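Worksheet: the structure to be examined is printed underneath.
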Protein chains: 2
Amino acid sequence: MGSEIAPKESNVDVLIIGAGPAGLMAACWMAHLGVHARIIDKRNTKIVCGQADGLQCRSLEILDALGFADRVWKEANHMIEICMWNPDPATGQLHRSGRIPDTIVGLSRFQQIVLHQGRIERFFLDNIKKYSRGEIEVERGVLPEALEVDEQKVEDDAAYPVTVRLRALSDEEATPAQQLSGSKVPDGLFRSNLVYEDDEEDLLKKSQARAPGEVEVVHAKYVIGCDGARSWTRRALGLELEGEATDFIWGVIDIIPITDFPDIRMRCAIHSANDGSLMVIPRENRMVRLYIQLKEVTPDASGRADRSKITPELIFSAAQKIISPYKIDYEYCDWWTAYQIGQRVSPSFSAHSSRIFLTGDAVHTHSPKAGQGMNISMQDSFNLAWKVGLVVRGICPRTILPTYNDERRQVALELITFDHKFSALFSGRPAKDVMDAEGVSMEEFKQAFLRGNLFASGLSVDYGPSVLVAKPREGGGGQEEFDKRQKLATGLPIGMRFNSFKVLNQACARPWHFQERLRADGRFRVVLFAGNILDAAQKIRVDRWCSQLVAPGSFHLRATPKGDKSDSVVEVLTIHSAKRIETELLRDFPEVLHPFDEHTGWDYNKVFVDEESYHEGFGDAYTKYGVDREKGCVVAVRPDQYVGWIGELEDFEGLQGYFKGCLVLRGED
Amino acid sequence: MGSEIAPKESNVDVLIIGAGPAGLMAACWMAHLGVHARIIDKRNTKIVCGQADGLQCRSLEILDALGFADRVWKEANHMIEICMWNPDPATGQLHRSGRIPDTIVGLSRFQQIVLHQGRIERFFLDNIKKYSRGEIEVERGVLPEALEVDEQKVEDDAAYPVTVRLRALSDEEATPAQQLSGSKVPDGLFRSNLVYEDDEEDLLKKSQARAPGEVEVVHAKYVIGCDGARSWTRRALGLELEGEATDFIWGVIDIIPITDFPDIRMRCAIHSANDGSLMVIPRENRMVRLYIQLKEVTPDASGRADRSKITPELIFSAAQKIISPYKIDYEYCDWWTAYQIGQRVSPSFSAHSSRIFLTGDAVHTHSPKAGQGMNISMQDSFNLAWKVGLVVRGICPRTILPTYNDERRQVALELITFDHKFSALFSGRPAKDVMDAEGVSMEEFKQAFLRGNLFASGLSVDYGPSVLVAKPREGGGGQEEFDKRQKLATGLPIGMRFNSFKVLNQACARPWHFQERLRADGRFRVVLFAGNILDAAQKIRVDRWCSQLVAPGSFHLRATPKGDKSDSVVEVLTIHSAKRIETELLRDFPEVLHPFDEHTGWDYNKVFVDEESYHEGFGDAYTKYGVDREKGCVVAVRPDQYVGWIGELEDFEGLQGYFKGCLVLRGED
């Protein structure tokens, strides 16, 4: 009593602050990489309703690499078509003026879907538990209070230069002040539809393992701040979001609609003549989300809208006006909120020589309508966390870390630009005729939507030159040589994600989307397009390439820690173009392409063939990857599936050079 | 002490004895139907290795209807191709003589896969827990000891005429004497690969909720015996399997092979010249199952082989001889066993006026090589349990119950015939040349395999005439009228399962395999092929049909218990052939096809269109179902997805008659 007890102290490789989608993605990588990490959140429960819900193609590809896109795909509502509604120029009556597919056809093996954030978080938690074997668990009701960095140690791989002081919250402090979901039906008739049985545990407040007020001092090698728009971590670093709010104020409401509007199960963009705009997002469990422009609410002199005036009734009556003469009503409302559109970005996404990082809403905010928020946030962490994890494990040098800020801040800036344009088109009134310059032309709007769809898919991301992306720097020369390399695989732009087509396993003929073999396990990959392996000259080229791969000094040997399997850092996958039934795995392919293990025999999962399958059609992968069927090429792929390098089979030195830049190579050159 | 305590007594609607795949399937139906059921098993743990593993197309369709085929599909090994190996007639050396696809192309949306029984049981347990909301749980370590039927009460719907006496076992009694899995590597190096984290709990013996020896007397409306080849229930009924054992003795071993045999990841049928045959079944987790003919082990005078002489070494050395000159070895062995091929069937599958039923191995045994065992067993229960459940719920009359014995005993007899032929071809030595009449011709073998594949898919099952299948009885006339009805949908043979093609949801354009809408929820369905709904004359036909459906006296109203939703017993699903974007759900389709609910609005999940999708191609459903695109037809579908009746839109009386035969209709005719 009265005497101060020294707080508990501990070391951790990676401390993650915030357990929303961005934080959980970071923790998920750590689980897959086997890195010692902790994740804290000040709230004592995860999200159960509302919040972000749209998932782009790229996010689904990523969740598939982690192992749970199937769960999302099964429960989600799939959005197939976008319908545009606006006043008929002749009658002034609301009419359907156009339709476009929601996802560009052929872009990805996934299409855009909707599932609420709480389910995504549930799947993350299950996946983290599975891959970390229960070692990483969200520590809830824990608040960071102070952050210090020992600048002397930031370049020391073995050091823990970041110190964070944590405090355990009481139950009252840790309960989020969420808007409660409610229903016009007082007995909560539909509630049971909307909570999943494997989520029920999340409705129970976890009793704290620690006493409220208990303090712990954590020494971390790295800290990742994923703590949202009002990020404590960002503020502790002295960084402020830069940008501006607009005058546009929107409401959001999740309801089970009772309506005669024909397209309520389509994604709709509705522009009324004078009452503002409405976006319809059909969801899972019969629900529909409405984004509703609130023309009657305007910002005050300070530029901020008075939120206290906004009620679900106000939001919904605005929706009813916009959708008129169609009728819409509801009994069940799951969630609602309102926001003022603003686009802001942090001046930096990392600090203290890449010892502290910020991801997600902590470094960018924008309007939610385009369904980008959760996606970009998760993708920030997906870009970052493998780099941190591989540096911690001694696989990669610290020099890869600045690529996070370079790559993702660029994406955030593009997002802001996109959102700015998109929101303006959305919030403007429709043009009355071609002479109405202030109004939004519906044709222009449709075209913007079509163009926006590529951006919104997450598949237009193109990372710039770095140690991880072998591209010429602007004005730095080498463009000609780069173009030559890029031409070897025109369908695999360097800096973009590795596209996916179906190929067959050589040993068992099973069709795989090739991306399914690019799992998020922290390995770099070399994809050997072996070409026509049955051609004698080509076979010699492949044999020679393989012999360089296993020669002393090869990155493949030198990157692998002693005692580890030869494919533990860089996995070599082969796609050939000869006829499968004329080709034999053990006869025609050098051992390094299907390594032998004395305990388990040959590896049958590394060699694939571009051929028609019995049951799932023809991927035509060589054509779609733009690779010569005879001569092939070599492609280096990052652990996050982005193309890092392309070259000819003869250019082993080039490949070696790429990996010298991004892997720790042991022993002599 | 000394005084007898009266045993606990209880009532239950359905008592299921045995918690293998057959018993779990029965329990699963009860969970989906909301029926009060209990399931007991004398073992105190579920299977964790070995046992049955092949899953046919039809089984996957069924598991999908229950909601978990995706989990099986994801974890399983997919078998794509069958390779035949036998001595080269020229050199005498083993060579690959042919290849065929493992599943007939186009037969089903699923293909044959392999996943061990323990995982299937795991998924069943999860599904039962979810749908019964935790009410149905396997009671392990419980043995049935006595069974009595009160014959006076068997026709009384409200009675509990079957009495079963149960006894709780001690842990020693309840631990199965399974062959232990073992490895040449003493530290169990690979063990961790082979146990799934969500299965770990099953490795722990459950501590009994009851004291060993505790007795309970259960009064049941119905009893389903799923207690395996040595079924206690069958013996209690005095039924004996009929049939014979052959001289063929086979061993089975699950290993991770170390081999230079080229097709070890294919399903292979290998006939050696003189050393017997071998079947290779590639499995999940790098494992391979070998079925090995043991020519050196022969039955004694009693016709039975001495099992004690059979060791894994003996089995494996036989495999090595057969596969020579290729080498095969292993470090890790997961499981092994041996069996003598025999085909036996019970004279009846039910007893006591359909109050007690037997399913699965309890009523048929055969060789495991064709991968039929677990499938046919699950399908027995899938055929039976909805009937029992709907009778218990008062939806169907007891007169539907005898169809179980009629339908499934026929399938078992066909299985025995198939297995007999298949095993003989497998166990015979390959013919030396065309004059070698005693040998098995490899061409004949390949043809048999091709034919066998249809049977083995589970999709050739064709149930005979009954109150559930509107077919003419042999010699009973009506063939001509039947043929006329069948011609309305040539791709939907009455008595066979409803085939699946992709259609789009009218309201949201999402593509569905139509079978995905035929969920195992206990509902009968009427599929209205509405034809070209935009044609005025056709619209009149559809409107007239719909008005009959909602007219007083219609089965649709009279089958539904008061207060239940109108689609709770029979759901009407529509597939039309007009252009989707010219058609409006609310404008063009009568209300009964998309019912309105005052709390949740219109139902958007009942009307589909046969049209090309943006991302998933064209199902061409009308063509493939063999239905006229203009005029359509009406198809009645049983809760287990089998086609029960087909007729024209004008033949409402025929449809009414079908449901009169199999539903309890309330009120006046």
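Keep in mind the model is a prediction, meaning the values are calculated, not measured. Reminder, nothing fancy here: chain letters follow the sequence lines and each chain counts from 1.
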Q: Sequence neighbours left out, what passes side-chain contact (heavy atoms from CB on, under 4.5 Å) with H615(A)? Give chain and number order.
A: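 Partners of H615(A) under the side-chain contact (heavy atoms from CB on, under 4.5 Å) test: T103(B), V105(B), Q111(B).
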**Q.** Within-4.5 Å side-chain heavy-atom neighbours: S613(A) and I80(B)
**A.**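 Contact flag for S613(A)/I80(B) side chains = no.
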Q) Is there side-chain contact between R286(B) and D603(A), with heavy atoms separated by less than 4.5 Å? A)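 Yes; the side chains approach each other to less than 4.5 Å.
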Under 4.5 Å from any heavy atom of chain A, what part of [X] do you find: side chain, backbone, both or neither?
X: I264(B); value: side chain
X: L586(B); value: side chain
X: E616(B); value: side chain
X: I104(B); value: backbone

Answer with side chain, backbone, both or neither: which region of [X] has an atom nearer than 4.5 Å to a non-hydrogen atom of chain B?
X: I100(A); result: backbone
X: R109(A); result: neither
X: P282(A); result: neither

Q.
Once salt bridge (charged side-chain N to carboxylate O under 4.0 Å, His left out) is applied, do any residues pair with E584(A), and if so which ones, sequence neighbours excluded?
A.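 Partners of E584(A) under the salt bridge (charged side-chain N to carboxylate O under 4.0 Å, His left out) test: R96(B).
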Q: Identify the heavy atoms of E81(B) and Y614(A) that sit nearest to each other, and give their distance.
A: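 Of all heavy-atom pairs spanning E81(B) and Y614(A), the closest is OE2-OH, 2.6 Å.
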Q.
Quick check: closest heavy atoms across I258(B) and T600(A), and the distance to 0.1 Å?
A.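 Scanning both residues completely, I find the closest heavy atoms to be CG1-C, 4.0 Å.
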Q: Apply side-chain contact (heavy atoms from CB on, under 4.5 Å) to the pair W73(B) and D70(A), showing each step before the final yes or no.
A: CA-CA 11 Å; W73(B) 191 252; D70(A) 53 325; over 6 Å; no
Q: For each of R587(B), E598(B), M79(B), K129(B), tally heavy-atom pairs with chain A at distances under 4.5 Å, and name the one with the top tally.
A: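 Answer, by heavy-atom pair count under 4.5 Å with chain A: E598(B).
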